[in-house]
Every structure is written in C-alpha cells, then in structure tokens.
Peer 1: 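If you scroll down you'll find the structure; I have some questions about it.
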Amino acid sequence: MALRTETDKETGVALLTLDRPAKHNAIDLATAAELTAAWRAFRYDEEVRAVVVTGAGGRAFCTGIDRGVDVPQPSSPYTIDDPLIAIGPKANDLWKPVIAAVEGMACGGAFYLLGEAEFVIASEEATFFDPHTTYGMVSAYEAISMAQRMPFGEVARMSLMGTAERVSARRAYETGLVSEVTPPGGAVAAALRAAAVIASYPTAAVQGTVRAVWSAKEGARTQALAHAPHLIALGNLAPERQAELFGERGRGAGGGEYRLR
C-alpha cells in the first residue's frame, strides 16, 4: 500500500499520508487508485469529519506522476487518459474539509491534490514548482488548479518557468497558495490542529460551507478544465522526446540549478 490512513476518533480528523518517500511520493497507477478509493471511502465514514493530506519522509509532499508509469494514449486528438484526473477529493465528490500539509517539494501533479484542498499549510522549507514546460508538456490541469488560488501573473510565471525556478513557502504565502507557514517539520501538526477545530463544528454546516465556497468559482473552473485535454493533446511532445528531455536534466546550461524566489 502506498497510502497510510490514521483516524483520530476523538477529534474526527483523518491523516492521509502518501507513503512512497523513496520516490518523493510520486504517484503510480496503484497509488492513484488508492487515492480515489480513500476519498470515496471518507464520504461514508461518519467518524471522519475533516482530512489532512501530506507526504511521508519530509523531502517531498508529492512530485506528481511517477516517471516510470506507462500510460498508453488513444490516437484521437480530442481525448487523453490522465491517471491523475481522479486523485483529488472534489473529483470524488467529497465535501468534507481537506487541508494539505506540505513539507519539502510539491510539484507537477501535486497540484491536483493541492488544488482540491480547502487550504494549504507549508513548512518554511517547502518549495513549489511546475516542471511541465521544461520537459515538453502542457501544464493544463495544474495551472488551472493554481489559477483558482494565485494571481494570474504568479500562476503564469510558475507554469512557464518550469524547473528554472522554485517558489518558496514564504512567496507561496504572499501570493495566496499557502495560508500558513510553519517552522520546519511543523506543517502536519498545524494542519491537524486546524482540522480538529473545523471537525468540532456541526458537520452539515461545515460541508455546506465547503460546497458554497467551491460554488463561487465552479463555473470558471469547469469551463477551463473542459479545454485541458485538447491543449495537452495538441501541445505535448511525444513521450519519447519527453523522456529524452527528462534524462538530460542537470546536464544542460546551469547544471540543473534553479532560482528560489
């Protein structure tokens, strides 16, 4: 199992941990299926009134899709198979509040999870970046998710700069991606504290509030997501060329160095 779930019955808070630290908590097909199953199970678990999602090991929250995963694609330019499309709570119709606790790197497909959390808490050592363009891929679902949280220019910069820049926790806080910055190692504890407070309130009122907040932006988000598969199909390089670019990382100009801002 690539996920760990611990539920505190006294507080009503579940801690969902991506547990592939050797892979920086990258998501393979089995992990994606486990995430989908976990979110759907929480819908029926009356003991769970709020959820904290995090990554094991401290070096990364999640680094997106596992590069070793082979995902065959249909030949039609009008559709794609995206293994991460249903890894988030909202994609699985879960309206219990979810808080993301970020330690270390959060990049690429991690934004599927961050984008569907109610808010994000990060340690001072957390960093955020989107490597898609560096490797010849369109950042669509990720950029759309972040556009719901950050100013346009910040989303565009992070999406377009690829691996050349990483956004610090402090800058993420300044731009609205992160709601609280903690000392190193403190993100999970802070998220659990916040989740316990929320879980102590009447459940129907909490879930109704979550749904109301999301309804405020649902129209624009849904319309944007409808374009995502076509943009990816048109703009992505062939998988072989993506793999070449990924293999060349660190050997080009700058030796793989990045700017932290």
Peer 1: Kindly compute the distance separating CZ (Arg40) from CG (Leu35), expressed to the nearest 0.5 Å.
Peer 2: 13.5 Å
Peer 1: For the backbone of Ala60 and the side chain of Asn25, can you confirm whether one donor and one acceptor N or O come within less than 3.5 Å of each other?
Peer 2: yes
Peer 1: When you measure from the side chain of Ser200 to the backbone N and O of Val197, does any donor-acceptor pair fall under 3.5 Å?
Peer 2: yes
Peer 1: So how far is it from Ser145 OG to Leu177 CG, rounded to the nearest 0.5 Å?
Peer 2: 11.0 Å
Peer 1: Look at the side chain of Thr134 and the backbone N and O of Thr163, then say whether any donor-acceptor pair between them is shorter than 3.5 Å.
Peer 2: yes
Peer 1: Hey, what do you get for CZ (Arg20) to OG1 (Thr31), rounding to the nearest 0.5 Å?
Peer 2: 4.5 Å
Peer 1: Do Leu16 and Thr54 come within less than 4.5 Å of each other through their side chains, counting heavy atoms only?
Peer 2: no
Peer 1: With side chain to side chain contact (heavy atoms under 4.5 Å, CB included) as the criterion, how do Tyr258 and Thr127 come out once you've worked through the C-alpha distance, each side chain's angles and the decisive distance to 0.1 Å?
Peer 2: CA-CA 11 Å; Tyr258 61 86; Thr127 58; 5.6 Å; no
Peer 1: Among Val51, Thr7, Val188, Val53, which residue meets the side chain to side chain contact (heavy atoms under 4.5 Å, CB included) test with Leu15?
Peer 2: Val188
Peer 1: Using a 6.0 Å cut-off, check whether atom CZ of Arg157 has over 12 heavy atoms from anything other than its own residue.
Peer 2: yes
Peer 1: Just verifying a value: how many Å separate Tyr135 OH and Leu245 CG, rounded to the nearest 0.5 Å?
Peer 2: 8.5 Å
Peer 1: Side chains of Ile198 and Ile99: does their closest heavy-atom pair fall under 4.5 Å?
Peer 2: yes
Peer 1: Are side-chain heavy atoms of Trp95 and Arg211 found at a separation under 4.5 Å?
Peer 2: yes
Peer 1: Kindly indicate whether the side chain of Arg170, heavy atoms from C-beta on, has any atom under 4.5 Å from the side chain of Val181.
Peer 2: yes
Peer 1: If you group Ile, Leu, Val, Met, Phe, Trp and Tyr by side-chain heavy-atom gaps below 4.5 Å, do Phe42 and Val52 land in one group?
Peer 2: no
Peer 1: Mark yes when over 12 heavy atoms from residues, nucleotides or ligands other than Tyr173 sit less than 6.0 Å from its OH; otherwise mark no.
Peer 2: no
Peer 1: Indicate if Val13 and Val48 have the same hydrophobic cluster label, given that clusters are the connected sets of ILVMFWY residues with side-chain heavy-atom separations under 4.5 angstrom.
Peer 2: no
Peer 1: Quick one: does any side-chain atom of Asn92 pair with a main-chain N or O of Ala37 as donor and acceptor, under 3.5 Å?
Peer 2: no
Peer 1: With no hydrogens and no angle check, is any side-chain donor or acceptor of Thr17 less than 3.5 Å from a backbone partner on Ala56?
Peer 2: no
Peer 1: Given side chain to side chain contact (heavy atoms under 4.5 Å, CB included), test Lys96 with Val210 step by step and report yes or no.
Peer 2: CA-CA 7 Å; Lys96 296 179 180 182; Val210 169; over 6 Å; no
Peer 1: When Val167 is tested against each of Met161, Met158, Met150 for side chain to side chain contact (heavy atoms under 4.5 Å, CB included), which residue passes?
Peer 2: Met158
Peer 1: Hydrophobic clustering (ILVMFWY, side-chain heavy atoms < 4.5 Å, transitive) - are Ile144 and Leu160 grouped together?
Peer 2: no
Peer 1: If you count every heavy atom of other residues, nucleotides or ligands that lies below 6.0 Å from Glu6 atom CD, does the total exceed 12?
Peer 2: yes
Peer 1: Do the charged groups of Glu154 and Arg261 touch, with an N to O distance under 4.0 Å?
Peer 2: yes
Peer 1: To the nearest 0.5 Å, tell me how far Arg171 CZ sits from Phe128 CZ.
Peer 2: 13.0 Å
Peer 1: Decide side chain to side chain contact (heavy atoms under 4.5 Å, CB included) for Ile27 and Asp66; before the verdict, give the C-alpha distance in whole Å, the side-chain angles of both, and the deciding distance to 0.1 Å.
Peer 2: CA-CA 5 Å; Ile27 298 171; Asp66 189 319; over 6 Å; no
Peer 1: Would you mind writing out the side-chain donor-acceptor pairs for residues 102-124 within the sub-3.5 Å range, not counting sequence neighbours?
Peer 2:
residue: Glu103; atom: OE1; partner: Ser123; partner atom: OG; Å: 2.8
residue: Glu103; atom: OE1; partner: Gly185; partner atom: N; Å: 3.2
residue: Glu103; atom: OE2; partner: Gly185; partner atom: N; Å: 3.2
residue: Glu103; atom: OE2; partner: Gly186; partner atom: N; Å: 3.1
residue: Glu103; atom: OE2; partner: Ala187; partner atom: N; Å: 3.0
residue: Tyr112; atom: OH; partner: Asp82; partner atom: OD2; Å: 2.6
residue: Glu116; atom: OE1; partner: Lys90; partner atom: N; Å: 2.7
residue: Glu116; atom: OE1; partner: Ala91; partner atom: N; Å: 2.9
residue: Glu116; atom: OE2; partner: Arg221; partner atom: NH2; Å: 3.3
residue: Glu118; atom: OE1; partner: Lys90; partner atom: NZ; Å: 3.3
residue: Glu118; atom: OE1; partner: Val98; partner atom: N; Å: 2.7
residue: Glu118; atom: OE2; partner: Lys90; partner atom: NZ; Å: 3.0
residue: Glu118; atom: OE2; partner: Trp214; partner atom: NE1; Å: 2.6
residue: Ser123; atom: OG; partner: Glu125; partner atom: N; Å: 3.3

Peer 1: Hey, does the side chain of Glu34 reach the backbone of Leu3 with a donor-acceptor pair shorter than 3.5 angstrom?
Peer 2: yes
Peer 1: I'd like to know whether Lys23 forms a salt bridge (Lys or Arg N to Asp or Glu O under 4.0 Å) with Asp28, so could you lay out the CA-CA distance, the side-chain angles of the two residues, the decisive distance to 0.1 Å, and finally the verdict.
Peer 2: CA-CA 10 Å; Lys23 292 284 189 176; Asp28 60 8; over 6 Å; no
Peer 1: Give a yes or no on whether the backbone of Val178 and the side-chain of Arg149 come within a donor-acceptor separation of less than 3.5 Å.
Peer 2: no
Peer 1: What do the steps show when you test Arg59 against His24 for side chain to side chain contact (heavy atoms under 4.5 Å, CB included), and what is the final call?
Peer 2: CA-CA 7 Å; Arg59 296 180 62 192; His24 296 308; 3.5 Å; yes
Peer 1: Please report the interatomic distance OG1(Thr182) to CZ(Arg193), rounded to the nearest 0.5 Å.
Peer 2: 8.5 Å
Peer 1: For the pair Ser139 (side chain) and Glu142 (backbone), establish whether a donor and an acceptor sit closer than 3.5 Å, ignoring hydrogens and angles.
Peer 2: no
